[in-house]
Amino acid sequence: MITVELQGLEVFGHHGVGADEREAGRTFVFDVDWDVEDAAASDCLADTVDYREVAACVRDVSDGRQFQLIEALSIAVADALLHRFPVDRVRVQVRKPALRPAGLPVAASSATVERTRG
């Protein structure tokens with residue numbers, strides 16, 4: 001198996017618990033990785049999963065619905081990737097950067113999910 005990764009994929013979305021967060025929107029950062037068969041070593045795009053299509057799928061899920069929780073967003077992205085692509089495992093981390101909970105600076109909040117087929 002070969003693990004392919006997209007790190008730091010920035011997608012603007014309208015997610016959050018507060019209505020003001022959802023209305024204004026913000027950039028969310030996604031790290032996604034998935035396994036492909038060794039056939040991908042052929043150097044032929046047809047033998048792997050095109051990361052451009054993975055990035056578009058992440059954007060489609062984010063654009064398609066407003067989520068209150070990044071946990072739910074990460075699950076929806078992972079499930080969509082498993083449904084759309086011939087992969088057996090996918091891991092999705094969603095980060096919400098530059099927060100100030102309780103007035104304290106935080107680099108990011110994140111949620112990570114790993115899903116496997118069947």
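Numbers here simply count residues along the sequence, with the first being 1.
- Sorted by first and then second residue, the ring-ring contact (aromatic ring centres under 6.0 Å, His included) pairs involving residues 77-106 (not counting sequence neighbours) form an empty list.
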Under 3.5 Å, which donor-acceptor pairs link side chains of residues 1-8 to any protein atom two or more places apart or in another chain?
| from | atom 1 | to | atom 2 | distance (Å) |
| --- | --- | --- | --- | --- |
| T3 | OG1 | D35 | OD1 | 2.8 |
| E5 | OE1 | Q7 | NE2 | 2.6 |

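- Here E10 pairs with T27, V29 under the side-chain contact (heavy atoms from CB on, under 4.5 Å) rule; sequence neighbours left out.
- A 4.5 Å side-chain heavy-atom check between D33 and R89 finds at least one atom pair inside the cut-off.
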Distance-only criterion, 3.5 Å: show the donor-acceptor pairs between side-chain atoms of residues 48-67 and protein atoms not counting sequence neighbours.
| from | atom 1 | to | atom 2 | distance (Å) |
| --- | --- | --- | --- | --- |
| D50 | OD1 | R52 | N | 2.9 |
| D50 | OD1 | R52 | NE | 3.0 |
| D50 | OD2 | R52 | NE | 3.2 |
| D50 | OD2 | R52 | NH2 | 2.7 |
| S62 | OG | H15 | NE2 | 2.9 |

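- The shortest heavy-atom contact between V94 and L73 is CG1-CD2, 3.9 Å.
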Give the intermediate values and the outcome of side chain to side chain contact (heavy atoms under 4.5 Å, CB included) for residues V87 and L81. CA-CA 8 Å; V87 297; L81 293 170; 5.5 Å; no
Sequence neighbours left out, cut at 3.5 Å: what donor-acceptor pairs do the side chains of residues 96-114 make with other protein atoms?
| from | atom 1 | to | atom 2 | distance (Å) |
| --- | --- | --- | --- | --- |
| K96 | NZ | E21 | OE2 | 2.4 |
| R100 | NH2 | G103 | O | 2.9 |
| T112 | OG1 | Q93 | NE2 | 3.2 |

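- When hydrophobic side chains of Ile, Leu, Val, Met, Phe, Trp and Tyr are connected at separations under 4.5 Å, L69 ends up clustered with V17.
- Residue pairs meeting the side-chain hydrogen bond (donor to acceptor under 3.5 Å, both in side chains) criterion with at least one partner in residues 71-81, sequence neighbours excluded, are D79-R115.
- Looking only at distances, no side-chain donor or acceptor of R22 sits under 3.5 Å from a matching main-chain atom of H14.
- Listed by chain and residue number, R95 satisfy the side-chain hydrogen bond (donor to acceptor under 3.5 Å, both in side chains) test with D31 (two or more places apart in sequence, or in another chain).
- Residues meeting the salt bridge (Lys or Arg N to Asp or Glu O under 4.0 Å) test with D47, sequence neighbours left out: none.
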